[in-house]
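Atoms within each ligand, like the ligands themselves, are counted from 1 in listed order.
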Amino acid sequence: MSLRNLSRPISFLYPNLSKVYNSFRILKMSSASNQYETLSVSVPKEFIYHVELNRPDKLNAMNNTMWLEIGKCFHALDYDENCRVIVLSGAGRLFCAGIDLMDAANQGIEMGEQNDVVRRAKVLRKYITQYQNSITSLEICKKPVLAAVHSGCIGGAVDLITAADIRYCTQDAWFQVKEVDIGMAADVGTLQRLPKVIGSDSLVRELCYTARKFPAEEALSSGLVSKVFKDKESMLQGVLSVAELIAIKSPVAVQGTKANLVYSRDHTVQEGLDHISQWNQMALQSDDFAEATVAAATKNKDVVFAKL
Ligand SMILES: CCC/C=C/C=C/C(=O)SCCNC(=O)CCNC(=O)[C@H](O)C(C)(C)COP(=O)(O)OP(=O)(O)OC[C@H]1O[C@@H](n2cnc3c(N)ncnc32)[C@H](O)[C@@H]1OP(=O)(O)O
């Protein structure tokens with residue numbers, strides 16, 4: 001009897017688990033459907049999900065609905081067993097123009113309803129925390145996220161892609177940490193993640209203090225993106241090929257790798273080693289490890305892993 005079969009009787013011991021399973025099933029069904037107003041989610045190939053920012057008329061500017069839907073979508077994909085890897089791109093002529101400046105005015109109106117500084121601060125805390133959580137949902141999601149950027153990637157869009165696992169862009173792409181231009185310090189991830197993505201602290205500070213546009217070639221040389229493609233079409237093809245390579249691997253191995261890379265980025269080497277030791281005490285008992293090891297030893301390239 002395999003370990004997977006052994007775990008089945010446990011559901012009889014915990015009848016409430018069926019409710020939990022059912023809610024996961026709803027997530028599973030809903031994550032690829034067109035339930036979003038500002039995102040388009042499709043499945044171009046088995047196990048590969050494509051999330052498109054979808055407000056092309058507004059250059060995919062992130063209004064409140066989009067911020068919340070990003071969090072909701074990546075949470076759903078985290079639990080969707082049919083999803084193993086996610087491609088993130090923008091519909092229309094530009095990847096994303098950052099926060100929707102018109103929509104953000106509503107936050108000012110909501111604050112204006114409060115007479116007291118602490119109560120106004122509470123309104124801001126709600127938005128800042130919600131938007132931080134939306135961006136962080138890409139990182140919490142155990143499925144690798146591959147960002148594909150064309151044309152402009154501005155302000156909040158830089159926060160978004162720095163939370164992705166891998167970034168690609170087109171020749172015509174440009175990036176801008178725009179926040180100082182609208183009188184604010186970036187507060188939803190760029191200042192925390194960009195220094196860990198780009199090796200040069202000096203360059204990060206230059207980009208963040210000046211808000212200057214930087215082109216695809218600089219994104220490549222600084223390590224922000226892995227590769228530059230001729231145009232959007234070839235980029236999506238290329239990114240899909242990378243996604244296919246990831247999708248055929250053991251999801252136990254890939255998701256464990258992501259979780260431990262993220263953990264190790266923020267901890268000492270020894271803490272990271274302790275974490276993977278604990279992790280693998282569980283993960284190495286999974287069917288995937290046995291199946292992948294046998295496949296490697298027998299040069300069998302057709303091993304199919306169970307969903308996760
Ligand atoms: C708690 C908050 C945390 C988050 C903070 C985030 C901060 C940031 O994101 S700072 C960066 C904010 N973004 C910008 O400053 C960019 C503003 N847009 C532009 O400068 C130009 O649109 C751009 C250079 C990107 C493109 O110019 P182009 O001439 O090619 O197009 P436009 O005619 O300007 O735009 C087309 C329509 O899109 C609307 N739009 C573009 N960007 C935004 C935006 N950020 N917010 C709202 N709407 C945007 C633009 O109004 C046009 O709409 P319409 O007039 O209805 O055709």
**Q** Please report which non-hydrogen protein atom sits nearest to atom 50 (C) of ligand 1, along with the residue it belongs to and the distance in Å to one decimal place.
**A** Lys58 CD, 4.9 Å
**Q** With atoms numbered from 1 as shown, which atoms in ligand 1 lie under 4.0 angstrom from a non-hydrogen atom of Asp57?
**A** 37 (C), 38 (O)
**Q** Among all protein heavy atoms, pick the one closest to atom 35 (O) of ligand 1 and tell me residue, atom and distance.
**A** Leu59 CD1, 3.6 Å
**Q** Might you check, step by step, whether the distance between atom 19 (C) of ligand 1 and some protein heavy atom is under 4.0 Å?
**A** no
**Q** In terms of atom number and element, which parts of ligand 1 are under 4.0 angstrom from non-hydrogen atoms of Val188?
**A** 3 (C)
**Q** Check whether more than 12 heavy atoms from other residues, nucleotides or ligands sit under 6.0 Å from atom NZ of Lys258, and answer yes or no.
**A** yes
**Q** Kindly indicate, with the supporting measurements, whether the criterion side-chain hydrogen bond (donor to acceptor under 3.5 Å, both in side chains) is fulfilled by Ser40 and Asn54.
**A** CA-CA 6 Å; Ser40 164; Asn54 194 28; 4.7 Å; no
**Q** So for Gln176, does at least one of its heavy atoms come nearer than 4.0 angstrom to any atom of ligand 1?
**A** no
**Q** How about CD on Gln281, more than 12 heavy atoms from neighbouring residues, nucleotides or ligands closer than 6.0 Å, or not?
**A**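 Atom CD in Gln281 is crowded, with more than 12 foreign heavy atoms closer than 6.0 Å.
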**Q** What atoms in ligand 1 come closer than 4.0 Å to a heavy atom of Lys178?
**A** 11 (C), 15 (O)
**Q** To which protein heavy atom is atom 7 (C) of ligand 1 closest, and what is the distance rounded to 0.1 Å?
**A**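 Looking only at protein heavy atoms, the one closest to atom 7 (C) of ligand 1 is Ile99 CG2, 3.5 Å.
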**Q** Return a yes/no value: protein heavy atom under 4.0 Å from atom 22 (O) of ligand 1?
**A**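 There is a protein heavy atom less than 4.0 Å from atom 22 (O) of ligand 1.
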**Q** Write out the residue and atom name of the closest protein heavy atom to atom 25 (C) of ligand 1, then the distance separating them to 0.1 Å.
**A**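 Result: Ile154 CD1, 3.5 Å.
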**Q** Have a look at ligand 1 and work out which part of Arg93, if any, has a heavy atom under 4.0 Å from it: side chain, backbone, both or neither.
**A** side chain
**Q** Select one of side chain, backbone, both or neither to describe which atoms of Asp100 lie under 4.0 Å from any atom of ligand 1, heavy atoms only.
**A** both
**Q** Would you mind running through ligand 1 and noting each atom that sits below 4.0 Å from a heavy atom of Tyr131?
**A** 1 (C), 2 (C)
**Q** Using a 4.0 Å heavy-atom cut-off, which part of Ala97 comes near ligand 1: side chain, backbone, both, or neither?
**A**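 Answer for Ala97: both.
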**Q** Is it the case that atom CG in Asp116 sees more than 12 heavy atoms from other parts of the structure closer than 6.0 Å?
**A** yes
**Q** Name the one of Asn64, Asp159, Asp187 that satisfies side chain to side chain donor-acceptor pair (under 3.5 Å) with Tyr131?
**A** Asn64
**Q** If you have a sec, work out which protein heavy atom is nearest atom 24 (C) of ligand 1 and how many Å separate them, to one decimal?
**A** Trp174 CH2, 4.6 Å
**Q** Which of the numbered atoms in ligand 1 are below 4.0 angstrom from a heavy atom of Gly98?
**A** 9 (O)
**Q** For atom 3 (C) of ligand 1, find the nearest protein heavy atom and state the residue, atom name and distance (0.1 Å precision).
**A** Asp187 OD1, 3.2 Å
**Q** Please name all residues satisfying side chain to side chain donor-acceptor pair (under 3.5 Å) with Glu139, sequence neighbours left out, ordered by chain then number.
**A** Arg193, Arg265
**Q** Would one find more than 12 heavy atoms of other residues, nucleotides or ligands at under 6.0 Å from atom NZ of Lys196?
**A** yes
**Q** Please determine whether side-chain hydrogen bond (donor to acceptor under 3.5 Å, both in side chains) holds for the pair Asp274 and Gln278, giving the CA-CA distance in whole Å, both sets of side-chain angles, and the decisive distance to 0.1 Å.
**A** CA-CA 6 Å; Asp274 291 342; Gln278 295 287 332; over 6 Å; no
**Q** Indicate, as side chain, backbone, both or neither, the part of Leu101 found under 4.0 angstrom from ligand 1 when only non-hydrogen atoms are considered.
**A**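 Both of them.
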**Q** So is Asp159 in contact with ligand 1, going by heavy-atom distances below 4.0 Å?
**A** no
**Q** According to the interplanar angle, ranging from 0 to 90°, do the rings of Trp279 and His275 count as parallel (below 30°), tilted (30 to 60°) or perpendicular (above 60°)?
**A** tilted
**Q** Check whether any N or O atom of Met102, backbone or side chain, sits under 3.5 Å from an N or O atom of ligand 1, and answer yes or no.
**A**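 It does not: no N or O of Met102 is found under 3.5 Å from an N or O of ligand 1.
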**Q** With a cut-off of 6.0 Å (strictly less than), are more than 12 heavy atoms of other residues, nucleotides or ligands near CD of Glu271?
**A** yes
**Q** Which heavy atom in Leu308 sits nearest to a heavy atom in Lys143, and how many Å separate them?
**A** O-NZ, 3.9 Å
**Q** I'd like to know whether CD of Glu110 has more than 12 heavy-atom contacts from other residues, nucleotides or ligands below 6.0 angstrom.
**A**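 For Glu110, atom CD is crowded (more than 12 foreign heavy atoms under 6.0 Å).
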**Q** Give the residue and atom name of whichever protein heavy atom lies nearest to atom 48 (N) of ligand 1, and the separation in Å to one decimal.
**A** Ala61 CB, 4.2 Å
**Q** How far is atom 10 (S) of ligand 1 from its nearest protein heavy atom, and which residue and atom is that?
**A**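 Protein heavy atom with the smallest distance to atom 10 (S) of ligand 1: Ile182 CD1, 3.5 Å.
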**Q** Flag yes if more than 12 heavy atoms outside Met102 fall under 6.0 Å of its CE atom; otherwise flag no.
**A** no
**Q** What do you reckon, is NZ of Lys126 surrounded by more than 12 foreign heavy atoms closer than 6.0 Å?
**A**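 Counting neighbours around NZ of Lys126, more than 12 heavy atoms of other residues, nucleotides or ligands fall under 6.0 Å, so yes.
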**Q** Can you find a protein heavy atom closer to atom 45 (N) of ligand 1 than 4.0 Å?
**A** yes
